[in-house]
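A, B, ... follow the sequence lines: proteins, then strands. Residue 1 opens every chain. Note that this is a predicted model, so its numbers are computed, not measured.
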Amino acid sequence: MMAAPLERCSGFSMLSPPPTEPEEVDPWERPCTEVLSGVSALLKERGLSIDLEALRLELEGSSGGPADLSVPLHRVARQGGRNPAELAAELAGVWPARGSTLSASAKGAYLNFDAEPATLAARTLELIGTRRERYGFLRSTNTSVCVEHTSANPNGPFHIGRVRNAIIGDTYARILRAAGYRVTVHYYVDDVGRQAAVISWIWSNPRAQWPPAALATLPPGREGPEAGEKADHYYGRPYPVVSALLKEDAALAADLGEYARKVEEGHAPPAHRELSERVLAGMLASLARLGIQYDEFVWESRFLADGSVDRMIARLKQAPHAVQEENGAWAIDASGYGLPQESSRLIFTRADGTSLYATRDLAYHESKFASFPRVIDVLGADHLLHSKVLDALLAEVGEPRRPEFVFYQYIQAPGGSKMSTRAGTAVYLDDLLDEAVERAHTEVLARREDLDDDAVGEIAEAVGASAVRYSILRVAPDKPVQFRWEEALSFEGRTAPFLLYSYARATTLLHKADRLDPPHPFEAGQLTAPEERRLLRALSRLPGVVRYSARTGHVHALATYAHELADAFHSCYQAVPVLRAGAERESRIALVAATRITLGVTLDLLGLARLERM
RNA sequence: GGGCCCGUAGUAUAGCUUGGAUAUCACAGAGGCCUCCGGAGCCUCGAACCCGGGUUCGAAUCCCGGCGGGCCCGCCA
């Protein structure tokens, strides 16, 4: 259900690289161009034609196979009445050796191409040496994109079900930047409407008037948060109980409705915004531990204050399918938009004339389109219908553009049930982080007796936070997952600490060689061990993975890649001596230095820590 | 009831958008590696595409129908 973002990122541009930025960004760019033009020419000579775009995608995706690049010939051969295997053999036989950096071979119906080991090594290490911290970054697209993510209501602390949004969104923003976009990250702060009013409404009432059940959520005899207690936790305490009571108690609900109406009309007491900000600050502090930050906080009330919601309502009333209900509410008859029957009437003003979430969100999106050609929203699966409603409303007001959506499924509580504060099944981000950092602390102490407390604490924080982030990132967003403590807190295998360890290992090795800063002299022909070749191939793939990840929104592809890279490094490290090597020493140091850069960039893109030691 | 998403070894996961070679990786299990630059590591082995149809030379991948799980169907957000 991932809506494929439009394909506007820079592809290989194999046939005509953009003249503005001629520099090479991907070691596979030229080999792919060579195969693409060479194979299509050979086929043409034989009266056969191949879909170049399909072949391009085939080549980009073929890096995981047994050959560096491979072209399946089943279809072309059949269409030309040829035997695929014979055709493959024939083409491999005539593949121009002169000037080609690739050797061709036939395996069944596949025409395979392999880079000479020395060529691959030279190309990859030289490119990494040139690009340095920009390796993995693609050419600029000169396109601005707005990524909205998290946007959780400021009504209590994050549980890990909600934080999947922030982690995916933040990572996608990083990847899009690497893919050449100018990215602005928005957090839409919902300070209008009934849900948003609950917290400030209850806290604005004297405690003596609180419903007993709400009062019971507070620690007795305390007037405010204790030292060390975060505002989101303290002020969020009554929220679940109060929101439940509102569903049962009509008088309470009416009271809140009146309060919410004042908020919408701009007459909110100062405490309303103040409380929202305090709770939000608590939430953001937790996200900051995960390395998540925002360029802009867009408060929903802004669109009421500046009149854009009113203007939007006026436009909607003029829309082709606008209708007024008997009680005065206005709606769009959206029967033609393919929405489920029940929701085909989209209310955009209540009977009392106040706006709804969808209406305000529409105004927000129009403001985004005024500044950004591309708009991306990261949304939970529960917002799928809302995204369709938004699309329909945009169409109704004549807006031709649409946001792109990245959806993710919720994380379920350990038992498999829904993560719910009220049911007590929620796992809080802060608790998870604290637990992870504590575990990391123990691990560091067990390994490093030489470090002082500050260093140990710093490393533990980085390891713990990275572990949490990666445990969520590594799974495809559209998979529903069940939270498991053992997995989130695991430090070996497919985890962040494994990645951080690789980076630290490479770093200390280079320190010992006194060669931390590349480029290093190397002779590509010396890097021929199978493990070295595997590592080189892994290194060479980063730009392609960034491109794929940016194009599809599959941020977990980068997480998978990171593990493959680290894995290749560990194998190589184990198999091939570096410092003790003879003639190959400098070349191997260059390989390790390139690995350190590539791993470092990958860790940055995933929002994981780079540790020099751990 | 209707719509959407997910279903891959004991557990967890990649591959699905673009059909193609022996289906990825980890944990757990069995066995091995400290003469070696960091053992949070490395090497070896066993084990999987929910079921049934269809399209195709070829289906984990596309289509249809089941089954199981999740989400949604509000003048909430």
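The base of C75(B) is paired with the side chain of N327(A) by a donor and an acceptor separated by under 3.5 Å.
Using a 4.0 Å heavy-atom cutoff across all strands shown, V481(A) reaches sugar-phosphate atoms only and no base atom. At a threshold of 4.0 angstrom between heavy atoms, the contacts of V444(A) include nucleobase atoms, whether or not backbone atoms are also involved. Contact annotation for A331(A): no contact, since no heavy-atom pair falls under 4.0 Å across all strands. Among the heavy atoms of the strands lying under 4.0 Å from A351(A) is at least one base atom, whether or not backbone atoms are also near. Residue contacts shown for N112(A) include a base, since a base heavy atom lies under 4.0 Å away. Residue contacts shown for F348(A) are absent, as no nucleic acid heavy atom lies under 4.0 Å away. Here E487(A) lies in heavy-atom contact (under 4.0 Å) with sugar-phosphate atoms only. Among the atoms of the strands shown, base atoms are found under 4.0 Å from some heavy atom of T508(A).
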Worksheet item: Could you walk me through whether E531(A) and R534(A) pass the salt bridge (Lys or Arg N to Asp or Glu O under 4.0 Å) check?
Response: CA-CA 5 Å; E531(A) 291 85 1; R534(A) 185 179 150 214; over 6 Å; no
Worksheet item: Would T171(A) and R469(A) count as a side-chain hydrogen bond (donor to acceptor under 3.5 Å, both in side chains) if you check the C-alpha gap in whole Å, the side-chain angles of each, and the deciding distance to 0.1 Å?
Response: CA-CA 10 Å; T171(A) 306; R469(A) 185 162 169 139; 2.9 Å; yes
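Here the separation of U17(B) from C6(B), taken at their P atoms, is 12 Å to the nearest Å. Rounded to whole Å, the C1' atom of A12(B) lies 13 Å from the corresponding atom of G7(B). For the P atom pair drawn from C72(B) and G58(B), the interatomic distance equals 42 Å after rounding to whole Å. Nucleotides A60(B) and G54(B) are separated by 15 Å at their P atoms, to the nearest Å. Distance check on atom C1': C62(B) versus C43(B) gives 40 Å, rounded to whole Å.
Listed by residue number, P497(A), F498(A), Y501(A) are the residues of residues 495-502 of chain A with a heavy-atom contact under 4.0 Å to RNA chain B.
Between H554(A) and Y548(A), the ring-plane angle classifies as perpendicular under the 30° and 60° cut-offs.
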So which protein N/O to nucleotides 56-62 of chain B N/O distances come out below 3.5 Å?
unit_1 : atom_1 : unit_2 : atom_2 : d
C57(B) : OP1    : R78(A) : NH2    : 3.3

Extract from the structure each pairing of a protein N or O with an N or O of nucleotides 46-48 of chain B at less than 3.5 Å, listing the distance.
none

Measure all distances between protein nitrogen or oxygen atoms and nitrogen or oxygen atoms of nucleotides 24-28 of chain B, and list the pairs falling under 3.5 Å.
unit_1 : atom_1 : unit_2  : atom_2 : d
C25(B) : O2     : R494(A) : NH1    : 3.1
A26(B) : O2'    : R494(A) : N      : 3.4

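As rounded to whole Å, 21 Å separates atom P of G41(B) from atom CZ of R613(A). One interatomic measurement links the two molecules: CZ of R484(A) to P of A12(B), which rounds to 5 Å at whole-angstrom precision. Taking atom CD1 of residue I347(A) and atom P of nucleotide C75(B), one finds them 5 Å apart after rounding to whole Å. We find that CG of L379(A) is positioned 17 Å from C1' of G70(B), with the value rounded to whole Å. Atom CD of Q409(A) and atom P of G7(B) are 11 Å apart (whole Å). Per the geometry, CZ belonging to R580(A) stands 11 Å off P belonging to G38(B), to the nearest Å.
In terms of the ring-ring contact (aromatic ring centres under 6.0 Å, His included) criterion, residue partners of Y187(A) (sequence neighbours excluded) are, by chain and number, Y294(A), F297(A). Applying the ring-ring contact (aromatic ring centres under 6.0 Å, His included) rule to F303(A) yields the partners Y364(A); only residues at least two apart in sequence or on another chain are considered. For the ring-ring contact (aromatic ring centres under 6.0 Å, His included) test, residues two or more places apart in sequence or in another chain that qualify with Y501(A) are H570(A). Not counting sequence neighbours, E458(A) has no partner by the salt bridge (Lys or Arg N to Asp or Glu O under 4.0 Å) test. For E443(A), the salt bridge (Lys or Arg N to Asp or Glu O under 4.0 Å) test picks out R447(A), with sequence neighbours left out. With sequence neighbours left out, Y337(A) forms a side chain to side chain contact (heavy atoms under 4.5 Å, CB included) with A334(A), L339(A), A392(A), A395(A), E396(A). Under the salt bridge (Lys or Arg N to Asp or Glu O under 4.0 Å) criterion, R474(A) pairs with E487(A), sequence neighbours left out. Remark: E492(A) pairs with no residue by the salt bridge (Lys or Arg N to Asp or Glu O under 4.0 Å) rule, at least two apart or across chains.
In summary, E264(A) and R261(A) do not engage in a salt bridge, as defined by a charged side-chain N under 4.0 Å from a carboxylate O.
Between G193(A) and V463(A), the one whose closest nucleotide on RNA chain B sits nearer the 5' end is V463(A). Comparing H570(A) and V576(A) along RNA chain B, the residue whose closest nucleotide (by nearest heavy atom) sits nearer the 5' end is V576(A).
The partner of C49(B) cannot be assigned: no Watson-Crick or G-U wobble pair with both contacts below 3.5 Å exists in any strand. In a base pair of the Watson-Crick type (N1 to N3 plus N6-O4 or O6-N4) or a G-U wobble (N1-O2 and O6-N3), with each distance short of 3.5 Å, G1(B) is matched with C73(B).
Nearest to the side-chain atoms of L385(A) among the listed nucleotides G38(B), C72(B), C43(B) stands C72(B). The side chain of Q574(A) lies closest to C33(B) when the candidates are A40(B), C16(B), C33(B). Of the candidates C37(B), A40(B), G15(B), G15(B) carries the atom nearest the Y548(A) side chain, counting heavy atoms from C-beta on. For K512(A), whose side chain is taken as the heavy atoms from C-beta onward, the closest listed nucleotide among C36(B), U13(B), G38(B) is G38(B). In the set U13(B), C37(B), A12(B), U13(B) carries the atom at the smallest distance from any side-chain atom of V475(A). Distances from the side chain of K479(A) to the nucleotides G15(B), A14(B), G41(B) place A14(B) closest. Of the candidates U13(B), C5(B), G70(B), the closest approach to any side-chain atom of D478(A) belongs to C5(B). Of the listed nucleotides (A14(B), G38(B), A21(B)), A14(B) has the atom at the smallest distance from the side chain of T560(A). Of the candidates G38(B), G15(B), C33(B), the closest approach to any side-chain atom of R448(A) belongs to G38(B).
More than 12 heavy atoms of other residues, nucleotides or ligands shown are found within 6.0 angstrom of CZ on R448(A).
Considering H186(A), H386(A), H365(A) as possible partners of D377(A), the one that fulfils the side chain to side chain donor-acceptor pair (under 3.5 Å) test is H365(A).
A heavy-atom distance below 4.5 Å is not found between the side chains of W330(A) and R350(A).
OP1 or OP2 of G15(B) has at least one side-chain nitrogen or oxygen of H556(A) nearer than 4.0 Å.
Under the 3.5 Å distance criterion, with hydrogens and angles disregarded, a donor-acceptor pair is assigned to the side chains of S355(A) and R360(A).
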